[in-house]
Amino acid sequence: MIVTTKQLFELAYGKYALGAYNINNAEQTMGLFRGNMDSKAPFIIQISKGARSYTNKLMLEAMIRAADEIFPDAVFATHLDHGDEATCYDCIDSGFYSSVMIDASHESFDENIAATRRVADKAHAKGISVEAELGQLGGVEEDIAVSEDKAHLTDPKQAAEFIERSKCDSLACAIGTSHGAFKFAGSQGLHFDVIEQIQKLVPGFPLVMHGSSSVPQDEVARINAAGGKLAGAKGVDPAQYLPAAKLGVCKINIDTDGRLVWTRVHREFFRDKPDKFDFRPVGTIFMDEYAKFIASRNVLLGSAGHIDEVRAALQK
Ligand code: 13P
């Protein structure tokens, strides 16, 4: 059941965070739905600009619609991750998306507000909610690369003004995380003080944490042992997810970790079975492993076990 992001946030606020997982293909879609059903969690599917053009945006939408039929008990929202204005409008017009993210965080404060406001006006007219970003995360996210010296934390006072003027429905805050598998390069951990201050200024407003993959060290070691070169990769401590959720972070973005599961499964499979060249045996292992990974994250996010109560609240 595709639901609105707004409803999911209202039900989760202050209690748990929704896992927001990026997907690109059929195996990931199946693993994602299975993992969420196994852990009985509501969730958010993130679709990036790159994922929309990897095969075709209609292919991705069709796979999600099919998964919705295969797993009729699933409760989820569909979300554009890191959109520019044109992509946001395309998604709003498509009728498929629960929410869109306009990422104009690289623009000036006023231009970020203006772009977000334009998107919000169009989105709200169709009942779609809008995530914006203020501050800048370091790291690499598809075609956006931000060096550590350009990255800066969200200013809580600016955040309050931004929310008021831009009419966004949720805000991605830079609190020290970065995109990709090499986080905290030369800088410290998470700044919960920033979230706390924003919450004091705009109580009840849903916040979003990007760059939240934990980059499990056993995963990295297995990838490297099977020929990978990811020395020094590290991520967020996943024990921080729930404390962040209690401070009003409703959505936690996890993409890199899914790619690491994919890389580990494929590297080990073809290392151990050099005579194989079929899609399905390795794809089957990946779907199982990705489902297990998703279920384990939902436990840490606190979203596991909430699906029945969320469905009941939304069907009232
Ligand atoms: P990770 O690279 O930490 O998975 O973050 C993904 C993300 O924030 C997508 O918007």
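Computation of the quantities below employed the complete heavy-atom set of this structure, encompassing side-chain atoms and omitting hydrogens, waters and symmetry-equivalent molecules. Every number for a ligand or one of its atoms is a count from 1 in the order of the listing.
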Please walk me through it: do V220 and I223 pass side chain to side chain contact (heavy atoms under 4.5 Å, CB included)?
CA-CA 5 Å; V220 173; I223 290 170; 5.7 Å; no
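At a cut-off of 3.5 Å, with distance as the only test, no side-chain donor of D90 or T87 sits close to an acceptor on the other residue.
Between A51 and N24, the shortest heavy-atom contact is CB-OD1, 3.4 Å.
Ligand-side atoms of ligand 1 in range of I254: 4 (O), range being under 4.0 angstrom from any heavy atom. For ligand 1, the atoms sitting less than 4.0 Å from at least one non-hydrogen atom of H210 are 8 (O), 10 (O), numbered in the order shown with element in parentheses. Numbered from 1 in the order shown, with element, the atoms of ligand 1 that lie under 4.0 Å from a heavy atom of H82 read 10 (O). Here is the list of ligand 1 atoms found below 4.0 Å of a heavy atom in K183: 1 (P), 2 (O), 3 (O). The atoms of ligand 1 that sit less than 4.0 Å from any heavy atom of H179 are 2 (O), 5 (O), 6 (C), 7 (C), 8 (O), 10 (O).
Below 30°, between 30° and 60°, or above 60°: for F286 and H266 the angle between ring planes is between 30° and 60°, a tilted geometry.
A donor-acceptor distance shorter than 3.5 angstrom exists from the side chain of T177 to the backbone of H210, with no hydrogens or angles considered.
Cluster membership check: V299 does not share its hydrophobic cluster with V236, using side-chain heavy-atom separations under 4.5 Å among Ile, Leu, Val, Met, Phe, Trp and Tyr.
Of the polar atoms of N22, none of the N or O atoms is found under 3.5 Å from an N or O of ligand 1, judged by distance alone. Taking only nitrogen or oxygen atoms, main chain and side chain alike, D257 does not reach within less than 3.5 Å of ligand 1.
Looking at D81 against ligand 1, only its side chain comes within 4.0 Å, counting heavy atoms. Contact annotation: for S212 versus ligand 1, heavy atoms closer than 4.0 Å belong to the backbone alone.
Judged by a 6.0 Å distance limit and a 45° cone about the ring axis, K276 is not positioned over the six-membered ring of F269.
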